[in-house]
Amino acid sequence: MAVTAVVGLQWGDEAKGKIVDLLTDRHDVVVRYLGGNNAGHTVVIRGEKYKLSLLPAGVLRPEVTSVIAAGVVLNPGALLGEMDAITKRGIPISQNLLLSDRAHVIFPWHRAEEAMLEKKRGDDAIGTTMRGIGPCYRDKAGRTHAIRVGDLVRPDVFRKRVHEVAEHKNAKQSALDPGSTLTDPEAVLAEYGRYAERLKPHVVDTTAWLHKALRDKRNILFEGAQGSLLDVDHGTFPYVTSSNSSGCGIHAGSGVPERAIEKMIGVVKAYTTRVGGGPCPTELHDAIGQHIRDEGHEYGTVTGRPRRCGWFDAVAASYGARISGIDCLAVMLLDVLSKLDTLQICEAYEIDGERTKEFPSHITDLAKAQPVYRTLPGWKTDISGLKKIADFPKQARAYLDTISELLEHRVEIVSIGPDREQTVFVK
Ligand code: IMP
């Protein structure tokens with residue numbers, strides 16, 4: 001395991017954090033390369049629950065270097081809040097956390113802009129996490145009103161940039177939302193100045209640092225956030241996040257070429273969940289959907305929103321697997337399905353009477369997709385304490401084999417509970 005990546009193949013929340021945490025002790029470096037504090041993952045170690053959002057799961061092990069790379073959009077107050085919470089629980093954070101000077105900074109105007117735009121969309125709202133992620137990425141792509149971490153830690157540059165950008169943002173906000181509270185640039189400078197002081201010791205050129213780590217043959221783990229179907233270019237646009245959250249984003253977000261990755265692990269839940277708006281063909285609006293939500297504790301880590309739940313969608317997940325270029329699969333939360341009599345896996349869609357296994361590129365077609373299901377028997381027994389795949393009930397193995405067949409990759413890891421110990425390596 002020299003250079004490994006862990007990416008979600010669905011709409012996020014695939015429990016990637018657990019896999020990352022498990023693999024962390026075989027790696028020297030863990031890299032977060034996209035998204036911001038919209039992501040959330042829970043890691044359970046010896047019964048202790050840690051909720052992380054911006055911090056890579058590697059921070060729970062002080063011997064590992066955690067890198068927040070160039071493609072991340074950073075809310076510095078949120079990052080410091082997480083760092084303080086972890087430190088309070090006895091896990092020190094020092095030079096083992098590196099922060100890219102190329103990462104972009106989220107400001108109060110980004111959150112104000114997002115609240116205004118989402119409200120204006122009414123029923124068509126994307127259902128974002130309201131963390132200012134999209135507007136910050138928009139400014140990055142637009143360039144003229146973006147501020148990076150490298151600017152934040154240079155007081156003179158930062159002062160000039162905040163005044164320029166705040167003037168523009170205030171003019172725009174007054175026009176679009178008359179009477180709303182405008183940004184006081186001096187207040188931003190005071191608040192962010194304090195953040196900069198504390199973060200400065202962690203700020204480096206992470207791209208150059210990672211290239212040296214590659215030359216030194218250090219073991220590097222890339223930790224994906226969100227999932228492949230939320231990818232801004234290849235996902236269910238516009239109901240996506242604003243970055244390349246499939247495997248496509250690793251190269252862009254970290255500066256490490258794709259070909260350096262030796263193993264790409266695609267993570268799926270044993271069923272489907274989605275938060276926010278946008279079509280989800282296998283969503284269940286019935287008692288089974290609620291049962292999955294309850295058994296899987298399917299409520300957002302960041303926003304607390306109930307997640308939409310449904311059967312495993314192999315059309316969607318195999319598309320995620322193809323665009324991410326995976327080598328093998330990790331199937332998570334299999335234990336959640338243990339009480340159900342029969343299970344369904346969507347193996348094709350019917351769109352306007354035509355059967356297809358291709359994932360539609362336009363959401364109007366996805367919204368029309370009727371799932372074609374393969375029915376499988378449930379195993380109706382508690383599997384959460386099993387240690388070997390050979391001990392799994394034959395129905396559970398058949399379920400995993402079906403996912404493997406439809407996604408055309410081996411299942412190498414199966415998770416049957418939140419704890420590290422509740423993981424079965426198939427090899
Ligand atoms: P944003 O990333 O806050 O702009 O939200 C855009 C869409 O991505 C919304 O549907 C969110 O619910 C979804 N989203 C963002 N981050 C996550 C995540 O970590 N898990 C699941 N969905 C997410």
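Both ligands and their constituent atoms are indexed starting at 1 by order of listing.
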For [atom], find the nearest protein heavy atom and state the residue, atom name and distance (0.1 Å precision).
atom: atom 22 (N) of ligand 1; value: L230 CD1, 3.6 Å
atom: atom 6 (C) of ligand 1; value: V240 O, 3.3 Å
atom: atom 12 (O) of ligand 1; value: R305 NH2, 3.0 Å
atom: atom 3 (O) of ligand 1; value: T129 OG1, 2.5 Å
atom: atom 19 (O) of ligand 1; value: A39 CA, 3.3 Å
atom: atom 9 (C) of ligand 1; value: G127 O, 3.3 Å

Across all chains, not counting sequence neighbours, the side-chain hydrogen bond (donor to acceptor under 3.5 Å, both in side chains) partners of Q290 are R293, D294

Close N or O approach ([X], ligand 1; < 3.5 Å):
X: R131; result: no
X: V275; result: yes
X: T128; result: no
X: N38; result: yes

Per-atom contacts, ligand 1 versus [X] - under 4.0 Å to a heavy atom:
X: Q226; result: 15 (C), 16 (N), 17 (C), 18 (C), 19 (O)
X: G276; result: 10 (O)
X: I126; result: 10 (O)

### Task
Step through the shown structure and confirm whether more than 12 heavy atoms of other residues, nucleotides or ligands are within 6.0 Å of NZ on K368.
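It does: K368 NZ has more than 12 such atoms within range.
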
Heavy atoms from other residues, nucleotides or ligands near NZ of K339 exceed 12 (cutoff 6.0 Å):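 Open.
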
Check each heavy atom of W11 against ligand 1 and say whether those closer than 4.0 Å belong to the side chain, the backbone, both or neither.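 Backbone only; the side chain of W11 stays clear of ligand 1.
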
For ligand 1, does R274 get within less than 4.0 Å through its side chain, its backbone, both, or neither, judged by non-hydrogen atoms?
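No part of R274 comes within reach of ligand 1.
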
Worksheet item: Can you check whether G276's main-chain N or O pairs, donor with acceptor, with R308's side chain at less than 3.5 Å?
Response: yes

With Y271 as partner, the option from E298, E295, Q10 fulfilling side chain to side chain donor-acceptor pair (under 3.5 Å) is E298

Taking only distance into account, with no hydrogens and no angle test, what donor-acceptor pairs under 3.5 Å do side-chain atoms of residues 125-138 form with protein atoms, sequence neighbours excluded?
{"from": "T128", "atom 1": "OG1", "to": "E114", "atom 2": "OE2", "distance (Å)": "2.7"}
{"from": "T128", "atom 1": "OG1", "to": "M130", "atom 2": "N", "distance (Å)": "3.2"}
{"from": "R131", "atom 1": "NH1", "to": "T129", "atom 2": "O", "distance (Å)": "2.8"}
{"from": "R131", "atom 1": "NH2", "to": "V302", "atom 2": "O", "distance (Å)": "3.2"}
{"from": "Y137", "atom 1": "OH", "to": "G35", "atom 2": "N", "distance (Å)": "2.9"}
{"from": "Y137", "atom 1": "OH", "to": "G71", "atom 2": "O", "distance (Å)": "2.7"}
{"from": "R138", "atom 1": "NH1", "to": "E113", "atom 2": "OE2", "distance (Å)": "3.0"}

Salt bridge D313-R274, side-chain N to carboxylate O under 4.0 Å: no

Review point. Is the NZ or CZ atom of R26 both under 6.0 Å from the centre of the six-membered ring of F425 and within 45° of that ring's axis?
Key: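 Ring-cation test returns yes.
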
Close side-chain approach of K263 and L23, heavy atoms under 4.5 Å: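 K263 vs L23: side chains apart.
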
- Between T273, T241, D13, flag the one that comes closest to atom 1 (P) of ligand 1 by a heavy atom.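 Going through T273, T241, D13 one by one, T241 has the nearest heavy atom to atom 1 (P) of ligand 1.
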
task: With side-chain hydrogen bond (donor to acceptor under 3.5 Å, both in side chains) as the test, would you mind laying out the steps for W311 and T272 before giving the verdict?
output: CA-CA 6 Å; W311 297 120; T272 300; over 6 Å; no

